[in-house]
Amino acid sequence: MSVPADVLRLNADLHAHSRVSDGVLAPAEVARRAHARGVQLFALTDHDELGGLTEAGAAAAALGLAFVPGVEISVSWGGETIHVLGLRIDPGCAPLRDGLARTRSGRDARAREMGEDLARAGIAGAYQGALRFVGNPAMVGRTHFARHIVERGVCRDVAEVFQRYLSEGRPGFVAHRWAGLADAVQWIRAAGGVAVLAHPGRYRLGETALWALVGAFREAGGEAIEVVCGSHTRDQYRRFAQVAHEFGLRASRGSDFHGPDESRVELGSLPALPDALVPVWLDWPEAAWAAACARSARAPSGATTAARA
Ligand code: AMP
Ligand code: MN
Ligand code: MN
Ligand code: MN
């Protein structure tokens, strides 16, 4: 298959969050910001939730921005929390919806425990405080606690809160059992989507365990891996490009945008995928459409008439 270079080089941002999970902006605002920052192919991927997709899709359509429905599923594997993106999913798929509902269901109890743990560490009332930052009460998570703790002046920013609290071994961390890896991949595939291993560089796994994870992910039906993403360094782009090659996985690119003042990387601002990788969007109709729109926008005005004459 010969793929036009402009499909390969699309400014794709396939990882972003809205208020429906732990992002700051409304779904439509994230889509509008992506468009304004030059994104040509955009996916909203809220944690364990599909509730923002209709709004983001409508906003993208109004702007002529190619939109792909997505989700980021929380998974427990080998004692670690792993994130699996589902891209180009059908949001109406019952097995996916049911699986996500089960994945979300323990969040409130976990958050109450986090509140109690933080109170023992001298930060009282954090559960109620975190709820004030929540757009969707079913999705209360660590980021909402972090924003509240910053607001109280205990820490300078969200990154510092995660360093001092909320991470494993720190006050406010409550171990939690998320979805199984094979289950999450199956829900995504049942919904017609592509499963992408998110930000592999973030997991605290040695080489052997990381290899086992990528192998298990592929075995379960996972088809792609994030190579260029907001959590990776340039060295990690190279490292995970190599992993994509070794395992025959397609490559994805996404900022993991959470909000204007919080995210290390802005929507649409990452470098291109390293050469010789197969982009996850290679044969998506949305990508072909985005490339065609960009081509016609570049064509000199009157080109169509001239060609006909
Ligand atoms: P939860 O699903 O409630 O465990 O929250 C996970 C979210 O916390 C991630 O999706 C990130 O948005 C955020 N997060 C995790 N670790 C960090 C960190 N070190 N710095 C900033 N945000 C983090
Ligand atoms: Mn998040
Ligand atoms: Mn993630
Ligand atoms: Mn994310």
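For this chain, numbers begin at 1 and follow the sequence in order. Every number for a ligand or one of its atoms is a count from 1 in the order of the listing.
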Could you say whether the N/O atoms of His83 and ligand 1 ever approach to under 3.5 Å?
-> no
His17 near ligand 1, heavy-atom distance under 4.0 Å?
-> no
In Å, rounded to the nearest 0.5 Å, how long is the span from CH2 of Trp281 to CD of Gln40?
-> 10.0 Å
Winner among Arg107, Arg142, Arg202 once heavy atoms are compared against atom 2 (O) of ligand 1 = Arg107
Which atom of His83 approaches the Mn ion (ligand 3) most closely (N/O/S) = ND1
Any nitrogen or oxygen of His258, main chain or side chain, under 3.5 Å from a nitrogen or oxygen of ligand 1?
-> yes
Report the residue from Ser74, Ser105, Ser21 that forms a side chain to side chain donor-acceptor pair (under 3.5 Å) with Asp48.
-> Ser74
Heavy-atom contacts with Gly141 under 4.0 Å: which atoms of ligand 1 show up? List them by number with element.
-> 3 (O)
When Arg33, Arg19, His17 are each screened for side-chain contact (heavy atoms from CB on, under 4.5 Å) with Leu25, the one that passes is Arg33
Would you indicate which of Thr143, Thr81, Asp48 comes nearest to atom 13 (C) of ligand 1 when only heavy atoms are counted?
-> Thr143
Do any of the N/O/S atoms of His47, backbone or side chain, fall under 2.8 Å from the Mn ion (ligand 3)?
-> no
Centroid separation His199 to His232 less than 6.0 Å | no
Row for the Mn ion (ligand 2): angle OD2 (Asp22) to NE2 (His258), 10° precision, value 110°
Any chance you could measure Ser76, atom OG, to Asp183, atom CG, to the nearest 0.5 Å?
-> 11.0 Å
So, for Phe67 and Trp289, is the gap between ring centers shorter than 6.0 Å?
-> no
Test Phe247 against every option in Phe217, Trp211, Phe240 by the ring pair (Phe, Tyr, Trp, His ring centres under 6.0 Å) rule and name the one that passes.
-> Trp211
Quick one: look at His47 and ligand 1, take heavy-atom pairs under 4.0 Å, and tell me if it's side chain, backbone, both or neither.
-> side chain
Answer yes or no for Glu72: is there an N/O/S atom below the 2.8 Å cut-off from the Mn ion (ligand 3)?
-> yes
Check whether any side-chain heavy atom of Ser263 sits under 4.5 Å from a side-chain heavy atom of Val265, and report yes or no.
-> no
Heavy atom under 4.0 Å from ligand 1: found in Met139's side chain, backbone, both, or neither?
-> neither
Using a strict cut-off of 4.0 Å, indicate which atoms of ligand 1 neighbour a heavy atom of Arg110.
-> 1 (P), 3 (O), 4 (O)
To which protein heavy atom is atom 19 (N) of ligand 1 closest, and what is the distance rounded to 0.1 Å?
-> Phe162 CB, 3.5 Å
Any side-chain heavy-atom pair of Leu100 and Ile73 under 4.5 Å = yes
Between atom CZ of Arg250 and atom CG of Leu273, what is the distance when rounded to the nearest 0.5 Å?
-> 12.0 Å
Of the backbone atoms (N, CA, C, O) and the side-chain heavy atoms from C-beta on, which set of Asp256 has a member under 4.0 Å from an atom of ligand 1: side chain, backbone, both, or neither?
-> neither
